[in-house]
There are 2 protein chains.
Amino acid sequence: MTDTAQPARSHRRRYGLRPTMKDVAARAGVGLKTVSRVVNGEPGVTPDTERRVQEAITALGFRRNDSARVLRKGRTASVGLVLEDLADPFYAPLSRAVEEVARDHGALLINGSSAEDGDRERELVLALCARRVDGLVVIPAGDDHRYLEPEIAAGIATVFVDRPAARIEADAVLSESFAGARDGVAHLIAHGHRRIGFVGDLPHIHTAAERLRGYRAAMAGAGLPVDGSWIALGPTDPARVRADTERMLAGGGPAEPVTALLTGNNRITVTVVRVLAALPRRVALVGFDDFELADLLTPPVTVIAQEPALLGRRAAELLFRRLDGAADPPRRVTLPTRLIPRGSGEIPPQP
Amino acid sequence: MTDTAQPARSHRRRYGLRPTMKDVAARAGVGLKTVSRVVNGEPGVTPDTERRVQEAITALGFRRNDSARVLRKGRTASVGLVLEDLADPFYAPLSRAVEEVARDHGALLINGSSAEDGDRERELVLALCARRVDGLVVIPAGDDHRYLEPEIAAGIATVFVDRPAARIEADAVLSESFAGARDGVAHLIAHGHRRIGFVGDLPHIHTAAERLRGYRAAMAGAGLPVDGSWIALGPTDPARVRADTERMLAGGGPAEPVTALLTGNNRITVTVVRVLAALPRRVALVGFDDFELADLLTPPVTVIAQEPALLGRRAAELLFRRLDGAADPPRRVTLPTRLIPRGSGEIPPQP
DNA sequence: ATGAAAGCGCTAACAA
DNA sequence: TTGTTAGCGCTTTCAT
């Protein structure tokens, strides 16, 4: 028996009487390298030897230690994904798509939520780098990614998605936020609205800024003035959105209240839908991002749809292209959005 | 300069001119161990030496290689999560909660989707074990988890969540599927229904079987017969659910059509809501799992709510308790469900 | 306070 | 076909 000397091996982990290749080799009566060959399916082992090794493996419950393998080979066959919130219905399909592509390339996915906090993003990214993930897909929260420069220089491929990197050149896969928002507002204008509000995300977030720009462009393009009170930017949490929206709809200031709204993302849209549902007056609504059940609400919600799964897939594909050696300069891929009229965006202005 | 000899070091990774502690030590003019002390914040380094080491670290862009560290220390400070689908709105908060707890314990989360396929689950779990994750949280898809025995024996703590392990004793955190379904059906019966259908998941899935059992128990408890055509089990994909539901609502057989439905999970509920929305006749509905916007539909959907985030948190907490050495026998934690009446479950029977 | 040596479990290079 | 040796980058142990 090999495993009787337990107390003497106090340097092993508490539970960890993990057999190693050496143990397997001893048990099978072969050399270490032969075990390695069998475990990795390399050629040059007689069927008979292979069988004996396999037996030893199952008898001992051997499982190759990938940490050691990684240390030797340099590649971890894993990629990191850093996003804002795993539980956000917009990011869930994105992360699923990244996982799918990673799987096709034999890689595991390690992921973490930054909670929209730049410091936490940095901490997470660096932890992933310390683990030597082969590559990173990042939905950035921070506003300065120079901390990634040494990592990228050291060979950790990095692709940003949904928002571009700040202060460094890097691959990015984005949706057309500007054009999408502009088209959404133009759609409302085409339906007769002249006083249109925008409830958006924090302005330092790239997509939020772009969508605001799109909103302004559409208004300016139609020669419509924009009152300051028609724009409410802030965190996505429901209380803030609710308060801002109610304030905007109440009017009260010198300007008359808006008759239509553009919302900056799916979380905001859902909260605004709740506010509007409780309102006697009918207010038109176009929401950025599609969301489940939008078509079954009353009225069904008109949206500017992105394809989160496609964002994720494209980002991951680009990442693996880099890992395969593609060395052309950083590229920015942009995916179109699509306006889906469902009802809420076609409500005419009501006083 | 230290990094001029690039071509000679062909054994390094393509990009990977990663400085090591040795490089840092050379540059700072100190010993290797001193660098290790600084990097890990261990005591016994003069402020002056520490400063020199820090300078070398930033100058070289050094980042500790955690693979090597893991190899030495035995612990990876990471846990694995295997679930059915990252993008499922039920599992997203669960995985988020696991991540949160892991983070509190300084661990990273590695996760993968099994796509409800037992082989893929096994493959994923074993890949995670090979990476020597400290522990695993598993939403099982397979029906035999004996393959995990050597891993668990070797010290990889494992907690099952949402569904119990099959054919092994292991920790599990579950919702009360039986009682929840039974109460949901009892609710429909209390509102006058006598012909109630159940549209559920594949019967080999533990929760699906339990919910079916709950359905039957409630019907039997009220002395109501159950026609075979009132039960439709199968995969969650919309086409199947739609077809089965339409068939059930059409009646057509010897039994009269059902006047109310219990649906077995959130994905199924959403599809059934779509079917019912297109129907002239009003059919009562109670759905297992709460879902976003259920309260804004017409009618609002009565649900049996679980708390996915709590499931995840409890599972992760139990996992880390195990990792901290808790060695009591496997336990099964059960969380209650809550019936939330919103309208669809209170519709009286219509012929 | 600091460093030298050994070795974690594996793979690459080279013998036999 | 099979085995031996060196060493991946780090932590541990033990000297100094």
Side-chain angles (χ1 to χ4, degrees), chain A residues 9-14 16-26 28-53 56-57 60-77 129-132 154-155, chain B residues 8-14 16-53 56-57 60-77 129-132 154-155:
Chain A
R9 316 195 63 174
S10 61
H11 59 285
R12 290 238 188 164
R13 282 202 299 303
R14 188 162 4 116
L17 290 179
R18 276 282 190 188
T20 70
M21 283 192 180
K22 198 173 157 194
D23 300 327
V24 174
V30 300
L32 178 55
K33 180 64 201 177
T34 302
V35 177
S36 172
R37 287 199 180 90
V38 171
V39 168
N40 297 297
E42 285 166 25
V45 183
T46 28
D48 182 62
T49 325
E50 166 153 15
R51 196 186 37 71
R52 270 171 36 235
V53 172
I57 286 175
L60 261 35
F62 168 81
R63 180 96 39 223
R64 182 181 65 198
N65 184 329
D66 277 356
S67 297
R69 168 170 233 247
V70 159
L71 184 58
R72 209 43 254 248
K73 301 204 74 153
R75 284 230 169 174
T76 55
C129 289
R131 249 158 243 235
R132 299 292 188 270
Chain B
R9 316 195 64 175
S10 61
H11 59 284
R12 289 237 188 167
R13 281 201 301 301
R14 186 159 9 114
L17 290 178
R18 276 281 189 188
T20 70
M21 282 190 179
K22 196 172 158 195
D23 299 327
V24 174
R27 166 124 187 181
V30 300
L32 177 56
K33 179 62 201 176
T34 301
V35 176
S36 173
R37 287 198 181 92
V38 171
V39 169
N40 296 298
E42 284 165 26
V45 183
T46 32
D48 183 60
T49 325
E50 166 154 14
R51 194 185 39 70
R52 270 172 35 236
V53 171
I57 286 175
L60 260 36
F62 169 80
R63 181 100 37 224
R64 181 179 67 199
N65 184 330
D66 277 356
S67 297
R69 170 170 233 248
V70 159
L71 183 57
R72 209 45 249 246
K73 302 203 74 154
R75 285 231 166 175
T76 55
C129 289
R131 245 154 245 240
R132 298 293 189 270

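Naming convention: chains lettered A, B, ... in sequence-line order (proteins, then strands); numbering from 1 in each chain. Side chains included, hydrogens not; waters and symmetry mates left out as well; all remaining heavy atoms used. Quantities reported herein were computed from a predicted structural model and do not represent experimental measurements.
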In whole Å, I'd like the distance from the [atom1] atom of [X] to the [atom2] atom of [N].
X: Arg37(B); N: dT13(D); atom1: CZ; atom2: P; value: 13 Å
X: Arg51(B); N: dT2(C); atom1: CZ; atom2: C1'; value: 17 Å
X: Leu32(A); N: dC8(C); atom1: CG; atom2: C1'; value: 13 Å
X: Asn65(B); N: dC10(C); atom1: CG; atom2: C1'; value: 14 Å
X: Arg69(B); N: dC8(C); atom1: CZ; atom2: P; value: 18 Å
X: Asp23(B); N: dG7(D); atom1: CG; atom2: C1'; value: 15 Å
X: Asp48(A); N: dT1(D); atom1: CG; atom2: C1'; value: 12 Å
X: Lys22(B); N: dC10(D); atom1: NZ; atom2: C1'; value: 12 Å

Without swapping roles, check the side chain of Asn40(A) against the backbone of Arg37(A) for a donor-acceptor pair under 3.5 Å.
no

Heavy-atom donor-acceptor pair, Asn65(B) side chain to Ser67(B) backbone, under 3.5 Å:
yes

Quick one: label [X] by what it contacts on the DNA or RNA (base, sugar-phosphate, nothing), any heavy atom closer than 4.0 Å.
X: Val70(B); answer: nothing
X: Ser67(A); answer: nothing
X: Arg64(B); answer: sugar-phosphate
X: Asp66(B); answer: nothing

Listed nucleotide nearest any side-chain atom of [X], set [options]:
X: Phe62(A); options: dG9(D), dC10(C), dA1(C); value: dC10(C)
X: Thr34(A); options: dG3(D), dT12(D), dC8(D); value: dG3(D)
X: Leu71(A); options: dC10(D), dA1(C), dG9(C); value: dG9(C)
X: Lys73(A); options: dA12(C), dC10(D), dG3(C); value: dA12(C)

How about [X] and [Y]: do any of their side-chain heavy atoms sit closer than 4.5 Å?
X: Val38(B); Y: Val35(B); answer: no
X: Arg63(A); Y: Arg132(B); answer: yes
X: Arg64(A); Y: Arg131(B); answer: no

Can a side chain N or O of [X] be found less than 4.0 Å away from OP1 or OP2 on [N]?
X: Thr49(B); N: dT2(C); result: yes
X: Asn40(A); N: dT11(C); result: yes
X: Ser36(B); N: dT11(D); result: yes

Which residue, Lys33(A) or Lys33(B), contacts DNA chain D at a nucleotide closer to its 5' end, judged by nearest heavy atom?
Lys33(A)

dG7(C) base to Arg72(B) side chain: any donor-acceptor pair below 3.5 Å?
yes

Lys/Arg N to Asp/Glu carboxylate O, Asp48(A) vs Arg52(A), below 4.0 Å:
yes

